[in-house]
Number of protein chains: 2
Amino acid sequence: MAKSKEAKNLDTSTEEKIIQAARKVFTQKGYVATRTRDIAEEAGINLALLNYYFRSKEKLFQMIMAEKLQLLFSVVLPIVNNDDLTLDEKIETLVENYIDLLIDNPDLPLFVLGEIKANPEGFKDRLQVRKLLQNSSFIRQLRERKPDVEPVHFIVSLLGMTVFPFIAKQILFADDSTFKMQMEERKVLITKWARTILET
Amino acid sequence: MAKSKEAKNLDTSTEEKIIQAARKVFTQKGYVATRTRDIAEEAGINLALLNYYFRSKEKLFQMIMAEKLQLLFSVVLPIVNNDDLTLDEKIETLVENYIDLLIDNPDLPLFVLGEIKANPEGFKDRLQVRKLLQNSSFIRQLRERKPDVEPVHFIVSLLGMTVFPFIAKQILFADDSTFKMQMEERKVLITKWARTILET
DNA sequence: GTCTATACTACGATAGAC
DNA sequence: GTCTATCGTAGTATAGAC
């Protein structure tokens, strides 16, 4: 730990300021739409410094994207592979943790999904979600509980109910504070509905 | 009807060829990422012709976007406002029609939602989905059936289950043919699950 | 490390010949 | 209506002074 500091941003290093700015602008506008000038301005530094610390816009972007993918995986993987949790416990924990994550990072889904669509090749190796899920205890438990339905259908529905509001909030929700409140409400609703579906 | 023609593309007017190309490229790559040169090449015409027929990239884009929004609304509005349909009939029809639409236009959701996020101001007046839904018989029926749950939560879940697979298909589904097959399966699954949820 | 000035490239748009 | 050639601008990246 460094000495106690009161300032939030004034004492952060230039490199860190650039990273923070890049995080914000990239996730808000996507790769093509962000200009390195936007990032420099947001960071309060000169444009040349961006290329001094990171070689290029592309390199800087890769850092941010890797970080965001890591963030997404870090929520899912520990849960779906945890043999000690029952199926119902997994569902409840997944939904709660995911909604908490997305409330803190509302741009995340549209950002990641948009960039994957824009450049599928760049994600070919990094995204083996299907393989990671395939052997998980989550899938195994789903097959046991509902042998007649492909697990993918349940997972897509669970993810859809959880993630979709964050993707479509501009259209479907009025203001930001009621949105947050309703997402808290959704935690228990989705969990309940998912269990109901499994009992069908 | 024009005289019978066998060719599909050779006889279409230059203007129509540009529109078709723009439809394809814009919905695939989004506004910022598409270059007018891409559209010209896709249409098999010269770049200058694009500005001859449509004044600018922006004008051409607005045409395509208006068309796509119209497409989305034309599926939803007639159903949610139809007083002759029961709630269960509305749900079934909505899911079926939407999945059919999205199978034919898989890029549609990510395209529209991405552009709205990129330029929220440009959609302020055109998107009054909330107001259009507010007074619909669909909402009224939902309130009657489940007075304890905000209708928005049910609608978001229904839309999420239906639309999300098309947004995340790069990640969650293997190949295109099994994807289509599984989307057909989903029609009856979502309808069934939605009804189950309403009985909770 | 940080700045200013600039090179280089890519893009949207237009002029002008046919 | 359609083409070639080109203008103007905006964006990434770098050179070089401090």
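Numbered from 1 within each chain, the chains take letters A, B, ... in sequence-line order. Everything quoted here is computed from the prediction, not taken from an experiment.
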First locate atom CG of A/L132, then atom CZ of A/F138, and finally report the distance between them rounded to the nearest 0.5 Å.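 Answer for the CG-CZ pair, A/L132 versus A/F138, is 14.0 Å.
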Subject >> Rounded distance (nearest 0.5 Å) linking atom CD1 of B/I45 with atom CD of B/E15 >> reply: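 B/I45 CD1 to B/E15 CD: 11.5 Å, rounded to 0.5 Å.
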Show me the side-chain donor-acceptor pairs of residues 95-116 of chain A shorter than 3.5 Å, one per line, residues at least two apart or across chains.
residue : atom : partner : partner atom : Å
A/D100  : OD1  : A/K187  : NZ           : 2.7
A/N105  : ND2  : A/L101  : O            : 3.0
A/E115  : OE2  : A/Y31   : N            : 2.8

For atom [atom1] of [X] and atom [atom2] of [N], their distance in whole Å:
{"X": "A/Y53", "N": "D/dT14", "atom1": "OH", "atom2": "C1'", "value": "17 Å"}
{"X": "A/I18", "N": "D/dA13", "atom1": "CD1", "atom2": "C1'", "value": "14 Å"}
{"X": "B/E58", "N": "C/dC11", "atom1": "CD", "atom2": "C1'", "value": "15 Å"}
{"X": "B/K57", "N": "D/dA10", "atom1": "NZ", "atom2": "P", "value": "14 Å"}
{"X": "A/F61", "N": "D/dG11", "atom1": "CZ", "atom2": "P", "value": "18 Å"}
{"X": "B/I45", "N": "D/dC3", "atom1": "CD1", "atom2": "P", "value": "7 Å"}

* Using side-chain hydrogen bond (donor to acceptor under 3.5 Å, both in side chains) as the criterion, list what pairs up with A/R126, not counting sequence neighbours. =>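 A/R126 satisfies side-chain hydrogen bond (donor to acceptor under 3.5 Å, both in side chains) with A/Q62 once adjacent residues are dropped.
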*asked:* It should be established whether B/T14 places a side-chain nitrogen or oxygen under 4.0 Å from OP1 or OP2 of nucleotide D/dT2.
replied: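 Yes, within the criterion.
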Check: Among side-chain atoms of A/K90 and A/Q141, is any donor-acceptor pair under 3.5 angstrom?
Finding: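 Present: a donor and an acceptor within the cut-off.
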Which residue pairs satisfy the side chain to side chain donor-acceptor pair (under 3.5 Å) criterion with at least one member in residues 144-162 of chain B, sequence neighbours excluded?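 Output for this query lists A/R186-B/S157, B/D88-B/R145.
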Strictly below 4.0 Å, heavy-atom distances to any atom of DNA chain C: list the hits from residues 34-43 of chain B, or just say none.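 Correct list: B/T34, B/R35, B/T36, B/R37.
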Subject >> A/V163 with A/V188, same ILVMFWY side-chain cluster at under 4.5 Å >> reply: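 No, because A/V163 and A/V188 fall into different hydrophobic clusters, even though each may have its own neighbours under 4.5 Å.
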Distances under 3.5 Å between nitrogen or oxygen atoms of protein and nucleotides 14-18 of chain C:
none

inquiry  = List the residues meeting salt bridge (Lys or Arg N to Asp or Glu O under 4.0 Å) with A/E16, not counting sequence neighbours, and say none if there are none.
reply    =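 With sequence neighbours excluded, A/E16 shows a salt bridge (Lys or Arg N to Asp or Glu O under 4.0 Å) to A/R23, given in chain and number order.
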